Amino acid sequence: MTRIPRQHEITQLLAEWREGNQSALDELYPLVYAELHRLARRYMSRERQGHTLQTTALINEAYVRLVDQKNVQWANRSHFFAISAQIMRRILIDHARRHAYAKRGGGAQQVSLEEAAAVTPEHSLELIRLDEALKSLAERDPRRSQVVELRYFGGLNNEEIAGVLHVSENTVTRDWNMARAWLYQQLTGSGAN
Amino acid sequence: MTPDRWQQVSRIFKSAIDLDGEARAAYVAGQCGADDSLRAEVDKLLDSHRQANAADFMNGMAVEYAASMFGDNEPKSQSRTLTKGQQFGSYVILDSLGAGGMGEVYLAQDSRLDRTVALKVLSNDISLDKRRMQRFRQEAKVASSLNQPNILTVFEFGEVNGLTFIATEFVDGETLRTHLHGKKGKLAAILDITIQVLSALDAAHEARIVHRDIKPENVMIRRRDGVVKVLDFGLAKFSEKKPSTMKLEESEAATAVKTAPGIIMGTINYMSPEQAQAGDIDERTDIWSTGVMIYEMVTGKMPFSGATTSHTIVQILEKDPPPLSKLAQVPDELERIVRKAMAKSPDERYQTAKDMLIDLRALRKRLDVEAEIGRTSSPTTPVAAVVTDETDQRQPRAKVLVIALIGMALVTAAIFGVNIWRSSRARISAPVTTAVPNVDRTLTYWITVQKFKGKRPYQDPFTLAGEINFEANYQIRVNVRTPQGGHLYILNEGPASAEPEFVVLFPSSTANGGSSSLAASQTLQIPEQSWFKFNAEQGVEKLWLVFSEEPLPEFEGIREFANPQGLITDPSRNKAVRNFLDTYSAAKPEVEKGDKLTTLRTQGKLLVYPIRLEHH
């Protein structure tokens, strides 16, 4: 029996998932995770040399590499972006956790100088807190939390998000405003609950 | 919030957001009717929306925001200029500490002076940028001219192989921003931090240097002992006698508020009214910013934080923030101090950092006394009664009562003298180092003992106040706590034989970065990592503690006259030390022994005391 090429495999899995097969997502997840993680690291080091970083470009590259372009529909693409946003969130938060841990008690020394000290560890802590706030938003308002995930972690624009969620662009804008205000309230501690 | 309520709020929010000013207010009022809590909920969210816009909150993407930490975790990344173990001038690179806007930071060993430093190497594109280069040089110049324990010490500024670098003291800790983490601080800690920041500012102002950018990001707290270091004199200016105008555009802090995409808000919030108006700036601008910082530490909120930069500026110029007491439980005196520091007119503020320092120290002393009396007179009174903590907030009434009780205890104690203490409970063993009047030098020490079996530690280390008969297999550490800042020297005098021998134990490269200079409330462990071992010679060892307000020329640099183990080999130096110790130990300090700690007190600027350690 011949092994199905990975591109086909992923395209197939995407199609199955779109048709409602949840176990397809379970298989898809680690494959996309690995690719996105690899690309993210590469993009990050490029970013450090002065290039700007674009999540969409990153996910696009993963998409082109992973998905067979000849057998694909737009709907597949937006599904790919949806799952990628979720995965990017995980990659970043996992990383932030490790980073924050290393900075706190993991034996790594923290920096004495203002830039290094002020920029890095705080970003990781902020991201972790944001992720937690986003989880509690998901409990009361799954759609709004998804809008945030797609936009902030997935880098999708409102039009793309509207496509993924089957709502109007206007709704996406409003959802975003509301969700962001609420998250801000949570993170700055000005919210009561 | 219930799901129904959430739906309600979001429905009103959604439409209100498209309306402006009065129309919005009218719409919200109409929708909420008499439901005040609904209205409060909606207003709060609308306000957060405004603030989130102003702060560019989540304006970029998470991945950009995280970029710096990805890079930081990859020491093997090609973009690092220097690698572990590499020689860089007279430094050996030990580790990469991270990277920031200005360049990369390394942990390095200075092989000439055998000390660990933080080495900041400027990135190439910044070296070419004249303005930033100027700022870098400025920081080095200004900070190195200031020698104060609460100011990050700059050792060297130079260039190796075309790379510009700055070598500074290495501080293992976190910034006050990270430390706060959007929460309220404890009152005692807030006072401690602020007192140290002001001590730094006092020294800077003495040298006529205005920092101009005091904010939590520029205050570093050392993990080991909580010592505070003020960083970034990159924007500092020499204050003119007749202050020349320092315009707003000069201040990078003002213009570079929103550089990175992200959550953290810019520096504008700590600017004084005169700074925000591009007026004349002098030392009193730092007083303002310190006041803002206290406010934030106490309440967890910035006093001035508008929708946009210009809104914030308007608030700074015109609005009085809500009193601290509305947002936290604080002594009236702290309220008064903060209000005075944040007076809109510089003339109404504290005129010097020293004046503010005096008030804060007095407050801390008072709180210490109150806490002590609370502890001694009533065993059930929580020590934290006078300390603000967010977890206490639920029972403000009970706390007021506790404070009132303490007040009564004070009065009672004043009437009946200290007898009231004896009748209730034995005096606690922990010394009250700051609450004793008319004492000029105070120092607390204790000894940590580790038993050894061969070369291996045996059982857990234990702590004692000193003076027991040590076994040969005991190894020790000396711990010192100094409520005041000053200069500490510790010498070991071996068992008296014909000629006394002195070994310098402190300062040394293994504790306090080789400096004798201690900050207020610093705790030192000497040595930091290893232990002192007794040699085979039996008898009484003396550990001479010399604690002075001023650096002592007799002891500064004395290591140059010692061998690598610290033994003073130069005969004339040895004699000078002998004479010094004989002369100044004549005035014996008052000794208070507790179970675990010994506290020494003396009048005057110099405390000299031998800890006697007998061993066999």
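Bear in mind that the values here come from a model prediction, so they are computed numbers and not experimental data. Proteins get letters first, then strands, A, B, ... in listed order; numbering begins at 1 in each.
When heavy atoms are compared at a cutoff of 4.5 Å, B:L45 approaches chain A by way of both its backbone and its side chain.
Residues A:L130 and B:M58 meet the side-chain proximity criterion, which asks for heavy atoms closer than 4.5 Å. Here the side chains of B:W6 and A:R144 are in contact, with some heavy-atom distance below 4.5 Å. Side-chain contact between A:R174 and B:D18: present, with at least one pair of heavy atoms (C-beta onward) separated by less than 4.5 Å.
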Worked verdict on A:R180 versus B:N53 for side chain to side chain contact (heavy atoms under 4.5 Å, CB included):
CA-CA 9 Å; A:R180 190 177 70 138; B:N53 270 341; 2.2 Å; yes

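Rounding to the nearest 0.5 angstrom, the gap separating the CZ atom in B:F57 from the CG atom in A:L183 is 5.5 Å.
Every residue two or more places apart in sequence or in another chain was checked for a ring-ring contact (aromatic ring centres under 6.0 Å, His included) with A:W176, and none qualifies.
Between A:A181 and B:S48, the closest heavy-atom pair is O-CB, 3.4 Å. In terms of heavy-atom proximity, B:F13 sits nearest to A:M178 at CE2-CA, 3.3 Å.
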